[in-house]
Amino acid sequence: MAGDREREKQKKELHLRQIASAKARRRGAPDLERPAPSKPVKPVILIVCEGENTEPSYFRQFRLTSATIKTIGKGYNTVSLVNQASQIKEQGTFEQVWCVFDKDSNTAADFNHAIALAEQFGFGIAYSNQAFEYWLILHFEDHQGGGMSREEYNGKINHYINPLQARYDGNGSKLITSAFFDLLAGVEQFTGKGRTELAIERAKRNYAQLDHRSPALEESSTTVFRLVQEILTFT
C-alpha cells in the first residue's frame with residue numbers, strides 16, 4: 001500500500017509540474033495578433049526649388065541610406081518660392097526644409113528679402129548669384145568668385161563635360177542627366193580629389209570673402225555647398 005501511495009504522489013507532482021510548464025510556455029509565446037514591428041521611418045529633407053528641371057534633376061540623383069529627399073520644382077522665384085515652401089511644410093513632416101533659388105534678373109530687394117524670410121522660417125537657403133549653374137561650374141573650374149554672366153554658364157559647362165561624353169542643354173531641357181551627374185560626383189584626374197569636394201571648397205572660399213550685407217550684389221557666389229554638405233551626411 002505504501003508503494004502505491006508513493007507512486008500516486010509522484011504522478012500528482014509530475015502532473016503539477018507539467019501544468020506549470022505549460023503555463024510558462026503560454027506566457028512566453030508570441031502574441032499572434034500583435035502587428036509585426038514596422039521599419040523605422042527615414043527623415044525627409046524637403047527641397048523646394050525655383051527651377052523646375054535643373055535643380056530637381058540634380059538633387060534627385062543623390063542616393064541616401066538614412067534619409068529621403070523630396071524635391072519639388074515650383075517655377076516660382078525668391079519670396080514667392082519661400083512662401084510656397086512654408087505652405088508645403090504644413091502638409092507633411094520634414095526633418096529639414098531648404099529653399100533653392102537664384103538671383104537671375106530679380107531685384108536686389110526681392111532676392112535679399114527672400115533670404116531674410118527663409119531665415120525667419122528656419123529654412124536652409126541654397127541660393128546662387130547669378131544662377132545654379134555656377135555651382136556646377138565650380139566642380140570643374142576654380143573660379144575665384146568675380147562677376148560671370150549666366151549667359152556664359154552653358155558654354156563653360158559643356159566645355160568641360162563634352163570631352164567626357166556628357167552634355168548639358170542649358171538652353172533647352174536643363175536636365176542634369178545621369179552621365180552629367182556621374183561626372184559631378186566623380187574624381188578630378190589631376191588632383192585625385194572628388195569634384196564635389198572641390199566645388200564645396202571653392203564655394204566656401206568665395207563665400208567667406210564676402211560680407212553678406214547684400215547677397216544680391218555678391219556675384220559670383222553660391223550657398224548650394226551648404227545643402228550638399230548636409231545631404232552627404234546621410235549617404
Side-chain angles (χ1 to χ4, degrees), residues 43-60 62 67 69-139 143 145-154 157 170 174-176 199-200 202-232:
V44 179
I45 302 172
L46 174 65
I47 305 176
V48 184
C49 304
E50 171 186 4
E52 296 181 272
N53 296 317
T54 306
E55 296 93 325
S57 65
Y58 171 74
F59 290 114
R60 286 170 185 158
F62 283 93
I69 291 177
K70 180 179 178 63
T71 303
I72 301 175
K74 295 301 294 184
Y76 295 97
N77 57 32
T78 60
V79 176
S80 298
L81 180 81
V82 176
N83 286 325
Q84 282 287 312
S86 179
Q87 294 177 22
I88 296 170
K89 180 191 175 191
E90 299 305 316
Q91 300 170 8
T93 301
F94 304 104
E95 179 78 7
Q96 301 180 35
V97 178
W98 286 79
C99 295
V100 181
F101 56 90
D102 299 336
K103 169 61 175 66
D104 280 335
S105 57
N106 295 299
T107 67
D110 281 348
F111 186 71
N112 291 339
H113 183 201
I115 293 172
L117 183 61
E119 289 175 344
Q120 290 176 21
F121 283 131
F123 298 161
I125 307 162
Y127 70 72
S128 297
N129 188 354
Q130 293 183 351
F132 182 80
E133 283 83 354
Y134 179 66
W135 163 249
L136 305 179
I137 289 171
L138 290 177
H139 288 69
H143 190 268
M148 182 197 303
S149 171
R150 62 184 182 277
E151 301 300 325
E152 301 177 52
Y153 290 168
N154 191 61
I157 290 171
K174 295 188 175 183
L175 291 172
I176 305 295
I200 290 172
R202 294 162 180 169
K204 288 175 70 172
R205 177 203 61 207
N206 293 349
Y207 184 77
Q209 294 171 350
L210 305 168
D211 60 28
H212 316 304
R213 287 182 292 182
S214 178
L217 302 179
E218 297 178 343
E219 182 190 336
S220 298
S221 65
T222 179
T223 61
V224 174
F225 70 88
R226 291 176 171 172
L227 173 52
V228 173
Q229 282 184 307
E230 188 63 30
I231 289 173
L232 292 177

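Only heavy atoms go into these numbers, but all of them, side chains included; no hydrogens, no water, no symmetry mates.
Note that CG of Asp110 and CG of Leu117 are 11.5 Å apart. Values are rounded to the nearest 0.5 Å. To the nearest 0.5 Å, the span separating NZ on Lys70 from CD on Gln96 amounts to 16.0 Å. To the nearest 0.5 Å, the span separating OG on Ser86 from CD on Gln120 amounts to 11.0 Å. Taken from CD in Glu133 to CG in Asp102, the straight-line distance is 7.0 Å, to the nearest 0.5 Å. Met148 CE to Tyr153 OH: the interatomic distance, rounded to the nearest 0.5 Å, is 6.0 Å. Note that OG1 of Thr222 is 7.5 Å distant from CG of Leu138, once rounded to the nearest 0.5 Å.
Side-chain N or O atoms of Thr223 include one that pairs as donor or acceptor with a backbone N or O of Ile125 at under 3.5 Å. In terms of modelled atom types and a separation under 3.5 Å, the side chain of Thr54 and the main chain of Leu175 share no donor-acceptor contact. Judged purely by atom type and a 3.5 angstrom limit, Asn77 has no side-chain atom pairing as donor or acceptor with the backbone of Glu50.
Taking the side chain as every heavy atom from C-beta outward, Thr71 and Cys49 approach each other to under 4.5 Å. Within the 4.5 Å cutoff, no side-chain heavy atoms of Ser221 are placed close to those of Asn206. At least one side-chain heavy atom of Leu46 sits less than 4.5 Å from a side-chain heavy atom of Ile72. Between Val224 and Trp98, the closest side-chain pair of non-hydrogen atoms is not below 4.5 Å.
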Next on the checklist: Before you tell me yes or no, could you show the steps for Phe59 and Leu227 under side chain to side chain contact (heavy atoms under 4.5 Å, CB included), namely the whole-Å CA-CA distance, both residues' side-chain angles and the distance that decides it to 0.1 Å?
Outcome noted: CA-CA 10 Å; Phe59 290 114; Leu227 173 52; 3.4 Å; yes

Next on the checklist: Quick one, Tyr127 with Glu218, criterion side chain to side chain contact (heavy atoms under 4.5 Å, CB included). Give me CA distance, side-chain angles, the key distance, then yes/no.
Outcome noted: CA-CA 11 Å; Tyr127 70 72; Glu218 297 178 343; 4.1 Å; yes

Next on the checklist: Does Val48 form a side chain to side chain contact (heavy atoms under 4.5 Å, CB included) with Ile88? I'd like the steps, not just the answer.
Outcome noted: CA-CA 9 Å; Val48 184; Ile88 296 170; 4.2 Å; yes

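Inspection of the Ser214 and Asn112 side chains reveals an N or O donor paired with an N or O acceptor under 3.5 Å.
Using a 30° and 60° split on the angle between ring planes, Tyr58 and Phe62 fall in the perpendicular class, above 60°. In this pair, Tyr207 and His212 present their aromatic rings parallel. The plane angle is below 30°, not in the 30 to 60° band.
Considering Glu151, Lys103, Glu219 in turn, Glu219 is the only one that fulfils the side chain to side chain donor-acceptor pair (under 3.5 Å) rule with Gln130. No option in Phe132, Phe111, Phe123 other than Phe111 meets the ring-ring contact (aromatic ring centres under 6.0 Å, His included) test with Phe101.
Across all their heavy atoms, Cys99 and Ala85 have their closest contact at SG-CB, 3.7 Å. Shortest non-hydrogen contact noted between Val82 and Ala114 is CG2-O, 3.6 Å. The two residues Gly73 and Glu52 make their nearest non-hydrogen contact at O-CG, 3.9 Å.
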